[in-house]
Amino acid sequence: MGMFLLLCIIAVAIFVGVASKKFYDKPYVVNFAIALLMLLLVIQTIMMQPITAFGYAAIAICSIAFLFQLVLGVKNVKA
């Protein structure tokens with residue numbers, strides 16, 4: 001499971017990089033891709049044992065970024 005999650009994180013990160021150039025006229029694609037990346041990073045950090053203070057900080061920051069990108073994606077789809 002851990003290796004699959006890491007490969008998913010790498011694949012989504014590459015997609016975010018490509019989508020930021022290729023889907024310039026569709027910003028919601030980039031927003032949702034970044035939101036997915038943040039969600040995967042939160043899951044990966046939660047799976048770490050033991051979770052340190054940096055881990056909790058990463059979970060909090062990535063969770064806020066996930067919600068922010070999700071809201072931006074929904075706004076961009078409606079616009």
Side-chain angles (χ1 to χ4, degrees):
M1 177 67 183
M3 184 60 75
F4 177 72
L5 187 59
L6 289 174
L7 291 175
C8 285
I9 290 171
I10 292 169
V12 172
I14 291 171
F15 179 75
V16 167
V18 171
S20 66
K21 295 289 183 184
K22 196 165 189 90
F23 297 108
Y24 187 76
D25 56 338
K26 299 177 184 175
Y28 58 87
V29 173
V30 178
N31 291 127
F32 289 137
I34 293 172
L36 178 61
L37 182 62
M38 292 299 113
L39 182 64
L40 289 172
L41 289 173
V42 167
I43 293 170
Q44 175 65 31
T45 307
I46 290 172
M47 289 178 54
M48 291 171 40
Q49 292 299 327
I51 300 176
T52 62
F54 288 122
Y56 287 119
I59 290 170
I61 292 169
C62 288
S63 296
I64 292 168
F66 167 74
L67 292 174
F68 187 69
Q69 289 297 324
L70 199 63
V71 169
L72 282 176
V74 170
K75 278 186 174 182
N76 286 330
V77 167
K78 289 181 180 180

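What you see is a predicted model, and the numbers here were worked out from it, not measured in a lab.
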| query | Going only through I, L, V, M, F, W and Y residues with side-chain contacts under 4.5 Å, is there a path from Phe68 to Ile61? | reply | no
| message | Same cluster or not: Val12 versus Phe23, using hydrophobic residues (I, L, V, M, F, W, Y) connected whenever any side-chain heavy atoms lie under 4.5 Å apart? | response | yes
| task | Could you note down all residue pairs passing side-chain hydrogen bond (donor to acceptor under 3.5 Å, both in side chains) where residues 4-21 supplies at least one of them, sequence neighbours left out? | result | none
Apart from [X] itself, residues in the same hydrophobic cluster as defined by side-chain heavy atoms under 4.5 Å:
X	answer
Tyr24	none
Leu7	Met3
Leu6	none

Taking distance alone, no hydrogens or angles, what donor-acceptor pairs closer than 3.5 Å link side-chain atoms of residues 26-49 to residues at least two apart or in another chain?
residue, atom, partner, partner atom, Å
Asn31, OD1, Asn76, ND2, 2.6
Asn31, ND2, Gln69, OE1, 2.7
Thr45, OG1, Leu41, O, 2.7

| said: Just to verify, what does Ile51 make a side chain to side chain contact (heavy atoms under 4.5 Å, CB included) with, not counting sequence neighbours? | reply: Tyr56, Ile59
